[in-house]
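What follows is a set of notes on a single structure, which appears directly below.
Residue numbers begin at 1 in each chain, while the letters A, B, ... track the order of the sequences. The shown structure was predicted, so the numbers you read here are calculated from the model rather than taken from an experiment.
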Protein chains: 2
Amino acid sequence: MSVPHTGTGDRLLGGILSTDFYQLTMAQLYFRAGLADRPARFEHFFRSYPDYGRHQAGYCVAAGMAPFAKWMTDAHPTDADLEALRGHRSSTGQALFGDDFLGWFADLDFSALTLHAVPEGRVVHPNTPITVVEGPLAAAQLLETPLLNRLNFPTLIATKAARVSESALGRPVLEFGMRRAAEAGADAATRAALVGGATSTSNTAAGYTWGVDPSGTHAHSMIQAYLALGEGERAAFQAYADTYPDDCLLLVDTVDTLGSGVPNAIAVFEGLRRRGHRPVGIRLDSGDLAYLAIQAARQLNQAGFDEATIVLSSQLDELTIWQITHQIQEEASHAGLDAQAVINRLVFGVGSRLATSDGSPSLDGVYKLVALKRDGAWQPAIKRSDTPEKVLNPGTKRLWRVTDQQGMATADVLSTADEALLPGAAMALHHHSRADVSRVIRAEEWAGADELLQRVIADGEVVSDGGMEALNDLGVISERRRADVAALGPGVRRLVNPHTYHVSITESLWDLKQELLAKLG
Amino acid sequence: MSVPHTGTGDRLLGGILSTDFYQLTMAQLYFRAGLADRPARFEHFFRSYPDYGRHQAGYCVAAGMAPFAKWMTDAHPTDADLEALRGHRSSTGQALFGDDFLGWFADLDFSALTLHAVPEGRVVHPNTPITVVEGPLAAAQLLETPLLNRLNFPTLIATKAARVSESALGRPVLEFGMRRAAEAGADAATRAALVGGATSTSNTAAGYTWGVDPSGTHAHSMIQAYLALGEGERAAFQAYADTYPDDCLLLVDTVDTLGSGVPNAIAVFEGLRRRGHRPVGIRLDSGDLAYLAIQAARQLNQAGFDEATIVLSSQLDELTIWQITHQIQEEASHAGLDAQAVINRLVFGVGSRLATSDGSPSLDGVYKLVALKRDGAWQPAIKRSDTPEKVLNPGTKRLWRVTDQQGMATADVLSTADEALLPGAAMALHHHSRADVSRVIRAEEWAGADELLQRVIADGEVVSDGGMEALNDLGVISERRRADVAALGPGVRRLVNPHTYHVSITESLWDLKQELLAKLG
């Protein structure tokens with residue numbers, strides 16, 4: 001407890017000390033050992049798709065790069081950071097960090113690092129580098145925690161949002177998770193949900209920040225307030241319609257959905273229609289949502305509001321939405337309705353289960369040293385493990401997405417840095433860790449190979465096309481996600497027990513890996 | 001898309017617009033309807049303990065109040081907030097928010113609200129108000145999302161940390177979750193983990209901010225760097241020992257834990273010992289941690305390092321820790337070791353599964369209108385629900401913890417505002433929603449009743465004893481948690497399938513609830 005208590009002050013939070021402490025102890029060691037400036041290469045990758053228990057992801061969506069790039073290009077130690085480190089005592093009471101190191105640290109930024117990444121919004125797979133950092137060892141090491149913290153979680157949430165969008169059959173998805181999200185992490189969750197396919201959010205500040213109008217109308221409490229004042233649900237609805245005649249969407253389940261809520265909403269909608277306004281619709285937030293949606297649609301249709309939207313919310317996730325749309329497909333005709341017409345008026349409000357990636361609340365993304373320069377040449381680094389799956393793919397590498405004649409993604413392939421994948425010939429591939437699994441893609445089975453890693457940051461600036469603004473353009477990012485997901489086979493996109501997408505390494509990389517493992521003994 | 005894209009700028013994030021959009025549409029409605037200043041009372045409570053699937057919580061630990069109180073007493077709209085709202089268009093292109101409302105909103109803060117809460121660190125249970133907000137309807141409503149966002153998640157994580165501490169049998173717990181936590185939510189996770197019983201954290205900025213020295217030594221990458229340079233694990237350990245002779249804790253599983261890591265660590269420790277330093281210990285981060293801890297302890301003991309700490313990490317949670325300590329209890333003697341001595345040198349590093357509350361990543365905390373003033377008197381508000389469990393406990397209330405002669409917690413009881421629970425007499429209690437479940441606590445079965453809700457904020461300031469500094473004192477908060485957990489029966493504290501703690505309402509409150517439900521029809 002050597003550092004004075006700084007109240008709830010947050011001047012240190014979110015800065016360069018928002019990192020694991022061991023990055024700092026290692027940095028001082030590298031500094032003292034003369035290794036701080038040694039060129040190094042680190043790769044960020046995840047080892048497995050999220051497994052939600054009852055269902056599993058067959059692909060992920062890369063997210064978080066723009067906010068991370070902004071942080072990385074701005075970050076530098078402040079006086080408060082230096083003061084905190086200076087006050088840190090060793091177990092015997094000496095300063096843990098010396099003035100020599102602190103002098104070096106005071107001038108640190110990340111401008112000596114080059115960062116390559118698979119562009120935000122693109123589909124990504126396990127055991128392939130989605131971010132690559134190259135530059136001085138100490139700075140690259142210090143970047144580990146901020147990078148993992150700012151890319152793992154958004155990738156996890158964008159993946160969940162892509163699955164929810166898939167289950168929503170093209171209907172709008174609203175992200176509603178702020179109240180139960182991980183405190184300030186709610187904002188990253190919102191942005192990642194938009195990357196993954198959510199159309200809007202209830203998170204007002206985040207919506208405005210990222211250029212999307214936030215969504216929402218009213219809560220049960222508004223109805224309760226009118227009830228407590230001796231007025232009814234109808235009076236509450238009427239007050240809402242008077243305030244928002246052109247944006248009138250009413251929550252109908254406070255008292256009795258079909259007996260009171262929907263009839264009251266219809267009465268208020270009729271008044272709006274008489275005055276020339278077009279009511280938006282209703283929201284259902286409890287009960288059997290499929291049944292209630294069908295019955296509410298029937299009541300709305302009978303009153304001539306065939307186009308009124310029906311927003312569904314309440315503990316939704318991709319599996320629940322999938323069940324609801326299937327139940328509607330089976331049951332709508334019993335109520336004399338066209339199932340597709342009911343589905344075409346649905347909007348899904350998805351909260352906690354999206355914002356926390358319920359079932360799989362963390363992505364197992366890691367950041368590993370893969371090469372170090374020695375005598376001017378890259379020396380591959382490898383970490384042995386008792387788990388063959390965890391043995392690293394060593395050295396500098398390139399990542400390719402192989403596509404067939406129809407433009408569908410066939411495999412992601414990792415090659416050594418000096419290989420290029422040129423179509424027209426057969427390609428021999430290996431599983432990244434299992435000697436017994438190999439595969440040949442015949443010449444006629446592939447038509448192209450797209451290199452996935454792009455240079456994003458160099459010399460302390462965003463150097464990808466269009467700079468920071470393009471990097472953060474959610475429209476462009478979403479379009480990338482849409483195209484990449486569309487290029488996946490339906491088996492890979494399946495919500496439950498998806499088909500395994502092929503991720504392989506080339507023969508040259510396999511040989512290099514075996515050679516290094518043999519050397520390690 | 002009416003609002004211009006503002007890059008990754010974050011001037012709106014974390015401010016008063018970090019709220020669900022419907023709070024703003026409701027606020028404008030209340031303003032227009034003359035209801036904005038109507039006194040209202042909202043209660044924050046959760047409905048169920050976290051259920052992690054294979055195991056379940058039998059109590060929660062309240063957390064997050066100090067940072068929330070700081071936010072609430074500082075928050076006010078900025079020009080950027082007002083500009084964003086002014087630019088929001090209705091579906092027909094008009095301004096959604098009128099100048100009348102924006103004029104009112106520009107002057108808004110939360111100083112007209114009074115907040116009561118169960119003090120941070122205390123044990124709390126479902127369906128009882130843990131935070132109560134009273135004041136003008138519009139301001140109290142606008143506070144909903146920031147309050148839920150800043151209290152639900154910390155309470156969830158403090159609860160998980162308390163369980164991890166329980167399973168760690170009093171041994172230190174280090175919070176290591178930043179890399180896979182929910183981006184900026186990592187800081188709230190760290191603070192909540194400290195509230196719940198973690199002894200330190202790897203999150204450097206958060207540790208310094210909240211007065212705890214951050215923890216950590218080095219990663220596998222440091223060993224890999226030395227290997228890539230043609231030097232060995234031993235050289236890496238030696239470099240670490242030279243830099244940190246009095247804080248030398250070495251990660252021994254990069255190459256081969258028992259064949260290389262531990263022997264190399266011992267060789268380096270012997271050098272330190274010769275120079276008069278006391279090595280700290282080793283860290284195991286993969287493999288069968290119980291087996292490896294026993295074998296590593298044996299090797300360390302043989303070299304005379306009986307007191308060297310053994311830090312365990314790698315996907316730990318309360319259940320895994322419980323299994324590890326039990327496996328050590330069964331197996332240590334086969335290796336000629338005293339099991340308790342092995343356990344007494346363990347430290348647990350717990351990461352993703354703590355920082356995300358794996359298995360149950362959100363707490364179902366809600367914020368409900370329970371009363372509104374009408375003609376100078378509180379009018380209870382109630383929300384009917386098809387689920388009896390979800391029917392609110394209406395009106396203004398008091399919350400009590402009933403204790404027996406030994407000071408053990410017997411029940412939490414919710415009473416009407418004008419009741420006091422005085423020992424010496426029998427007490428008739430009801431289940432909060434089930435008519436068939438009631439209970440009498442006999443006079444000799446209880447010795448006292450502690451009122452749990454304390455006034456924390458009034459007139460825009462922290463008014464609880466000691467002000468903001470005391471509110472945020474993690475030492476005091478942790479002591480509260482320790483005492484409250486110690487007052488729970490062992491059945492309630494059990495990690496798997498815990499005994500259900502009694503939460504009841506008084507007869508008067510039950511009668512009021514039935515009367516209101518009858519009126520609602």
Are side-chain heavy atoms of [X] and [Y] found at a separation under 4.5 Å?
| X | Y | value |
| --- | --- | --- |
| Y240(A) | L29(B) | yes |
| D20(B) | T204(A) | no |
| R179(B) | Y367(A) | no |
| T92(A) | H277(B) | no |
| L229(A) | R38(B) | yes |
| K368(A) | S221(B) | no |
| S18(A) | M178(B) | yes |

| request: Go through the structure and list residues passing ring-ring contact (aromatic ring centres under 6.0 Å, His included) with Y22(A), not counting sequence neighbours. | output: none

| message | Quick one, H88(B) with Y208(A), criterion side chain to side chain contact (heavy atoms under 4.5 Å, CB included). Give me CA distance, side-chain angles, the key distance, then yes/no. | response | CA-CA 9 Å; H88(B) 200 120; Y208(A) 290 143; 2.7 Å; yes

Which heavy atom of [X] sits nearest to which heavy atom of [Y], and what is that distance?
| X | Y | value |
| --- | --- | --- |
| S362(A) | R180(B) | CB-O, 3.8 Å |
| Y226(A) | A33(B) | OH-CB, 3.6 Å |
| P214(A) | F21(B) | CG-CD1, 3.6 Å |
| S91(A) | D246(B) | OG-O, 2.5 Å |
| A228(A) | P380(B) | CB-O, 4.4 Å |

Heavy-atom pair count under 4.5 Å with chain B, highest-scoring of [options]:
| options | answer |
| --- | --- |
| D247(A), I157(A), D364(A), L96(A) | D247(A) |
| F42(A), Y30(A), F176(A) | Y30(A) |
| G230(A), S357(A), P245(A), G359(A) | G230(A) |
| A181(A), S200(A), A186(A) | A181(A) |
| H218(A), R353(A), R32(A) | H218(A) |
| T19(A), L471(A), T190(A) | T19(A) |

Report the option among [options] that has the most heavy-atom pairs separated by less than 4.5 Å from atoms of chain A.
| options | answer |
| --- | --- |
| T356(B), V280(B), L147(B), I223(B) | T356(B) |
| G207(B), A225(B), G15(B), G98(B) | A225(B) |
| S215(B), A206(B), A371(B) | S215(B) |
| F68(B), W71(B), F153(B) | F153(B) |
| Q23(B), M222(B), R278(B), Q94(B) | M222(B) |
| G64(B), A219(B), A184(B), P154(B) | A219(B) |

| task | Under 4.5 Å heavy-atom distance to chain B, tell me which part of D358(A) shows up: side chain, backbone, both or neither. | result |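 For D358(A), heavy atoms of backbone and side chain both lie under 4.5 Å from chain B.
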
Looking only at atom types and distance, does a side-chain atom of [X] sit under 3.5 Å from a main-chain N or O of [Y], one as donor and one as acceptor?
| X | Y | value |
| --- | --- | --- |
| Y244(A) | T25(B) | yes |
| E183(B) | R150(A) | no |
| Q224(B) | L369(A) | yes |

| message | Between T145(B) and N203(A), does the side chain to side chain contact (heavy atoms under 4.5 Å, CB included) criterion hold? Intermediate values first, please. | response | CA-CA 9 Å; T145(B) 313; N203(A) 181 340; over 6 Å; no

| message | Ignoring hydrogens and geometry beyond distance, is a side-chain donor-acceptor pair present between Q28(B) and T243(A) at under 3.5 Å? | response |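 Side-chain D/A pair, Q28(B) to T243(A): absent.
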
Proximal component of [X], with respect to chain A [non-hydrogen, under 4.5 Å]:
| X | result |
| --- | --- |
| L151(B) | neither |
| L85(B) | both |
| N152(B) | side chain |

